[in-house]
Amino acid sequence: MHQVSSAARTEIGPSIEELKGTAQVIRRDIITMIHAAQAGHPGGSLSATDIVTALYFRIMRLDPADPHWPDRDRFILSKGHACPVWYAALAERGFFDKTHLATLRKLDSILQGHADMKKTPGIDMTVGSLGQGICAGLGMALAGKLHGKDYHVFVMIGDGESQEGSVWEAALAAPRWKLDNLTVIVDNNGIQNDTFTDDIMPVEPLAEKWRAFRWNVIEIDGHKMEEIVPALESCLYRDPPDSAGAEGHQPEDCDTTVTRRPGIPTVIIAKTVKGRGVSFMENVPAWHGAAPNDAQAQAALAEFAEGLR
Amino acid sequence: MHQVSSAARTEIGPSIEELKGTAQVIRRDIITMIHAAQAGHPGGSLSATDIVTALYFRIMRLDPADPHWPDRDRFILSKGHACPVWYAALAERGFFDKTHLATLRKLDSILQGHADMKKTPGIDMTVGSLGQGICAGLGMALAGKLHGKDYHVFVMIGDGESQEGSVWEAALAAPRWKLDNLTVIVDNNGIQNDTFTDDIMPVEPLAEKWRAFRWNVIEIDGHKMEEIVPALESCLYRDPPDSAGAEGHQPEDCDTTVTRRPGIPTVIIAKTVKGRGVSFMENVPAWHGAAPNDAQAQAALAEFAEGLR
Amino acid sequence: MSDHPSRYHHVLPEIVEQLASDKPFGAAKMQATRYSYADAMLELGERNPDVVVLDADVSKSMRTNDFAKRFPERSFNFGIAEQNMMAAAAGMATTGLIPFASTYAVFASLRALDQVRNSIHYPRLNVKIAASHSGITPGPDGVTHQGQEDLSLLRAIANSTVVAPADPVSAKLAVHAAAAYDGPVYLSFTRDPVPTIYSPDFPLRLGRAVVVRDGWDATIIALRDLVAHALVAAARLAEAGLEVRVIDCHTLKPLDVECVLRAAHETGAIVTAENNVIFGGLGSAVAEVLVENHPIPMQRIGVRDIFTESGPYLALLDKYGMSARHMAEAVRQVMARKRRA
Amino acid sequence: MSDHPSRYHHVLPEIVEQLASDKPFGAAKMQATRYSYADAMLELGERNPDVVVLDADVSKSMRTNDFAKRFPERSFNFGIAEQNMMAAAAGMATTGLIPFASTYAVFASLRALDQVRNSIHYPRLNVKIAASHSGITPGPDGVTHQGQEDLSLLRAIANSTVVAPADPVSAKLAVHAAAAYDGPVYLSFTRDPVPTIYSPDFPLRLGRAVVVRDGWDATIIALRDLVAHALVAAARLAEAGLEVRVIDCHTLKPLDVECVLRAAHETGAIVTAENNVIFGGLGSAVAEVLVENHPIPMQRIGVRDIFTESGPYLALLDKYGMSARHMAEAVRQVMARKRRA
Ligand SMILES: Cc1ncc(C[n+]2csc(CCOP(=O)(O)OP(=O)(O)O)c2C)c(N)n1
Ligand SMILES: Cc1ncc(C[n+]2csc(CCOP(=O)(O)OP(=O)(O)O)c2C)c(N)n1
Ligand SMILES: [Mg+2]
Ligand SMILES: [Mg+2]
């Protein structure tokens, strides 16, 4: 019936180097759209960029022409305020025309301030109230098992978001149902809305917490494609198409070896830098939810141009 | 102004043996009142009985004649459905007349189906919706510190209740504020409403979870007074009156040594048996929320009479 | 007999016969509608493989453990984690499943309301919320288990459909109607047994109120457990020569505006009766329609600005002003106001 | 000028002067009332050592971080854990502290509603809930951050007091009034700047609505940010010869029944205006009072059964039918109905 199957997921896939370039394109679009909207959340969009890029351009099985394809992999940005990175990735991947990016947060736009699945092609879940996307992802993973489908569900949460009790409700439930088709990625950038997470309500040791909730824990640098890609591939529910077998799969251009743990969900704790890629935004709490002015936007774009060259 | 201070807390206190006797009296009252009401939760009341007895008859600083005394220690039964044990202990301790026990759950009673602080003398917090009492206790502990008071706040939660996200919100917050005047006791009886916790949504390893949330963890047998009393005394915020110093206090009639950890809240994970003390109720999920009929109540009371002799 | 059996519609004859008696439901088959829900789910489970049931550790009380036994692979007990259950239900619905998320009204409408609003109603996902212990029907449990405001809360959420069936027969029909509807539905059930008042031909269609007794002097618009008591009030008033229409407004939202306005025009005086706070529920819904279209005297029966307490269900109805005699008194008062107007 | 300055009460003269102009608030000092809250807390903190402020990681946005800087030991940031914050506030209140629990309206009224109901309102503890981003005032953020139903939800909770001040001056007064009241109070503030319309003599007393413009042809009863727009509507209608009363119903609950009924009797037609869903909020409250006492034509302005969207605040008001022109149109309609009646 549907002709895409594994073809939709590029067999070879872009190389690590190509992914790095794509991430910079997405960073540029993030700054451009938040600048145009004069509102939005650059910090958490930029910290998530490399991981979201890896997901949409190398890991996930998708069909941009058919965003509701039942066999697609799902991604939920549970930290929904960072949706500019989601919108930029979806547009770059061809889910909708890039001209929409300039309408972010404007009246009648398909790009809401927090992502709305009924308005934006490719958005798998409506988000914005923290701590809900991860539970919705759990539901999708349960449904996948029930339907006998081999899609994988990826959910990204924030470190601040990890303070929400509902996150731990989902954390408790996923291993009970052996949801190895669910992967949670913590964008551990150390900053939440008010300031540094450690000064508000420390969440560390995160790895120890998730382990105590019986998850398989992988810790990576969330900006190193060489660590991101194999970590994500290692927990994929089905075999990656270029993999020989389930155990110990190791993509050739990556330097990390990880082993799948059947029946156990995986959390990837990604050490990241909020505002990553824009020197003056990096690790500065004020850029959680502030838009750059003209000069700042120009400065940021210049830095990307540098990086893209 | 108020004359009670440490005198309200019996200097010597009842012996371990006396406490055991009191616990049996309370068990008797629990069965009697639930039988009279023909509704209520015997299982979780009986599993909590020994600990609640130790608190009200040996550990806590109270004045039954002045239930609102600002310097009193607080107890919150966050698993509020088990309030029959609370009512029985308060009545036995003299907070109100025992004749009220027969009015449990009846119209116009001071003893509501779930405890109401505005109706029952001695109830420190209104409870019934699981996962809230522990947060309220956190607030009381914060207030104690702010007011420079040396009272201690004890909160008992259920193992099923531990599935509520709000429990983990409180668990995250208490160490951040160094609330060593707060102690949480988990009535780990392995059963929730529907059936065994392990068959619904397993919460183990509980100790590991609380440790990852940075609590001091003590594990005890929740029915051995010899373990309950020293565990509770060991985390008391102020020095116990009969103690030489803060470190390594060991009451003479108890067999456990525990050490206080200043600045760190303590959780006591008490292994208990749901329905403890009534042979046919022990570890039987059906007795979570069912009242005994006449014959069953008689049989239960006969068992206590045996134990009290 | 001063009452007229022909005035009643879809009400069982043996019920009609005794309405004005001392024991109006002495002959009725009593059942909590939460169990009607559980029964309907067994039928639905057979019929529709997309139907799944989600629980939050009250499956014993709601008897959805029957479904779990029959369809174990389509049953999910989340433990005491209502937030997770509701948002997970939303996630499941995105894949075409039809989740029935089951818990008590207080937890569905309070503990998990953010998830119910943002993950279910905002994206308009096909989740059914089955709430037992609605109103102060779990008498002895007390306030924390009495969903005394759930109907008001759910009505305030955009895209919501709120259904509160009166008896076991209509409760089962409501479950099937909800399953057939594409979108979120909140179903409100009783903890305590209520009389079976309807014959199987009860025409339950979402959004269509049912006139269950004809009358021209005034109208009582009721829902859920108070419909039965409204019938009693009407029967007693009939003995005093007053003909009161009774409307079963099982769907609170969307309200059957046409049926309400017809009653307003034809009877000129309305009493609303709900076992729910009088702020934002049925009384408010009807009042809104009246002032915007045809302002006439109306009076609300329901829980005032107070938390109730533990006690036997019927005793609580009486103490808090929601029994048949209160409705009859309210009818006399609105009729007096109608005459003065 | 066809308008009469003497008809206005407590409204700044420079505001009155321009109400009917193209830029009615061109001269007004604009400020989000969330900042008035933060300012008032600094004063309260000085005055009352029992006052503590609780936050849930939006202290930067609500500027309660000013309080945290000045009174660090009385400030508690719970992180993104609104449930814990609300129940902990209840626990604090049992010791005599007066906690102001601050977060956005959606999280106060949805995420933590179970705690707000069971730990705060049921035992009637002295907790103040300060909610910013009420109504669709956080325009560009979109639905998940727009408290479009918070007033309805809080009104349904027993023992609640719900206050939604119109401008920065009355907002500060409302905070002080809430602090002086012993019991839970829900305070609703705007995210977006609103015009300062009142002089410092504004007589804010909880439960007492204020007639801010006299009139006899009809009445607009409004609250929070829509009071300013109601004044504009009245000024424009005055130019057409209609004298419309405007009531600032800052306290939604308990409703000032006397003031509402006086307006009903004296003007015979009412429009309610709230930046909140039209189910269970101000419109319902007024409709309830009217049908139970003096049924007259009324019409509701507010968010219909829909989730709104991202966009500039004023553009959203207009798109979703809540601007001055919608109110003026509604006034004409209720007046037409009054004449026909
Ligand atoms: C339940 C809830 N509470 C509060 C907010 C407001 N809010 C939006 S973003 C944010 C901080 C999020 O921090 P984090 O999860 O660390 O995200 P990141 O640093 O990746 O941006 C807050 C408090 C929200 N969206 N949802
Ligand atoms: C938030 C919430 N959800 C559901 C319930 C209904 N309920 C009452 S007791 C109970 C089971 C509690 O189990 P546990 O915490 O283990 O208590 P115990 O075994 O000590 O009785 C449930 C689900 C509730 N009171 N509160
Ligand atoms: Mg962060
Ligand atoms: Mg248990």
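First the proteins, then the strands, lettered A, B, ... as listed; each starts at 1. Just so you know, these numbers use all the heavy atoms, side chains as well, and skip hydrogens, waters and symmetry mates.
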Enquirer: Under 4.5 Å, heavy atom to heavy atom, which residues of residues 170-185 of chain D contact chain B?
Expert: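 Not one residue of residues 170-185 of chain D has a heavy atom under 4.5 Å from chain B.
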Enquirer: Considering only heavy atoms and a distance below 4.5 Å, find which of B:K149, B:M125, B:K145 pairs most often with chain D.
Expert: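 Most pairs with chain D among the choices: B:M125.
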Enquirer: Taking the basic N atoms (NZ, or NE/NH1/NH2) and the acidic carboxylate oxygens, is any pair closer than 4.0 Å for B:R72 and B:D63?
Expert: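 The answer is no: the pair does not qualify as a salt bridge.
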Enquirer: Would you confirm whether B:R261, through its side chain, and B:N216, through its main-chain N or O, come within 3.5 Å as a donor-acceptor pair?
Expert: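 No, B:R261 side chain to B:N216 backbone: no donor-acceptor pair under 3.5 Å.
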Enquirer: When rounded to the nearest 0.5 angstrom, what distance separates CD1 in B:I218 from SG in B:C235?
Expert: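 One gets 5.5 Å once the value is rounded to the nearest 0.5 Å.
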Enquirer: Determine yes or no for a side-chain-to-main-chain donor-acceptor pair under 3.5 angstrom, with B:W86 supplying the side chain and B:I123 the backbone.
Expert: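 Not at all, since once roles are kept as given, no pair shorter than 3.5 Å links the two residues.
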Enquirer: Taking side-chain hydrogen bond (donor to acceptor under 3.5 Å, both in side chains) as the test, write out the residues that go with B:S166, two or more places apart.
Expert: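 Once residues adjacent in sequence are excluded, B:S166 has no partner under the side-chain hydrogen bond (donor to acceptor under 3.5 Å, both in side chains) criterion.
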Enquirer: Checking side chain to side chain donor-acceptor pair (under 3.5 Å) against B:H152, which of B:D73, B:D180, B:T183 comes through?
Expert: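 Looking at B:D73, B:D180, B:T183, the match for B:H152 under the side chain to side chain donor-acceptor pair (under 3.5 Å) is B:T183.
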Enquirer: Which residues in residues 62-78 of chain D have any heavy atom lying under 4.5 Å from a heavy atom of chain B?
Expert: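 From residues 62-78 of chain D, the residues near chain B are D:E73, D:R74, D:F76, D:N77, D:F78.
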Enquirer: Any side-chain heavy atom of D:V58 sitting closer than 4.5 Å to one from D:F107?
Expert: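 Heavy-atom side-chain distance check fails, nothing below 4.5 Å.
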Enquirer: Closer than 3.5 angstrom, by distance alone: can the side chain of B:N181 be matched with the main-chain N or O of B:A141 as a donor-acceptor pair?
Expert: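 Between the backbone of B:A141 and the side chain of B:N181 there is a qualifying donor-acceptor contact (under 3.5 Å).
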Enquirer: Does the distance from a Lys or Arg side-chain N to an Asp or Glu carboxylate O, for D:E288 and D:R155, drop under 4.0 Å?
Expert: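 A salt bridge is present here (some side-chain N lies under 4.0 Å from a carboxylate O).
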Enquirer: With a strict 4.5 Å heavy-atom criterion, list every residue of residues 111-129 of chain D that contacts chain B, or say none.
Expert: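 So the qualifying residues are D:D114, D:Q115, D:N118, D:S119, D:Y122, D:P123, D:R124, D:L125.
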Enquirer: Is B:R74 close enough and on-axis enough to B:Y151, meaning under 6.0 Å and within 45°, for cation-pi?
Expert: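 Judged by the rule (NZ or CZ under 6.0 Å from the ring centre, within 45° of its axis), B:R74 counts as positioned above B:Y151.
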Enquirer: What distance separates D:Q148 CD from D:T308 OG1, expressed to the nearest 0.5 Å?
Expert: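 So the CD of D:Q148 and the OG1 of D:T308 are separated by 5.0 Å.
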Enquirer: Evaluate the ring planes of D:Y104 and D:H133, with Trp represented by its six-membered ring, and classify them as parallel (under 30°), tilted (30 to 60°) or perpendicular (over 60°).
Expert: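 Taking D:H133 first and then D:Y104, their aromatic rings lie parallel (interplane angle under 30°).
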Enquirer: Between chain D and each of B:M117, B:H68, B:K119, count heavy-atom pairs under 4.5 Å; write down the option with the most.
Expert: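 Answer, by heavy-atom pair count under 4.5 Å with chain D: B:M117.
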Enquirer: Within the distance-only criterion (no hydrogens, no angle test), does the side chain of D:T251 pair as donor or acceptor with the backbone N or O of D:V163 below 3.5 angstrom?
Expert: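 Judged by distance alone, no pair lies under 3.5 Å.
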Enquirer: Measure distances from B:W168 to the heavy atoms of chain D and classify the residue's part below 4.5 Å as side chain, backbone, both or neither.
Expert: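 For B:W168, there is no contact with chain D at all, as no heavy atom is under 4.5 Å.
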Enquirer: Please round to the nearest 0.5 Å and tell me the distance separating atom CD1 of B:I185 and atom OG of B:S78.
Expert: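 It comes to 11.5 Å.
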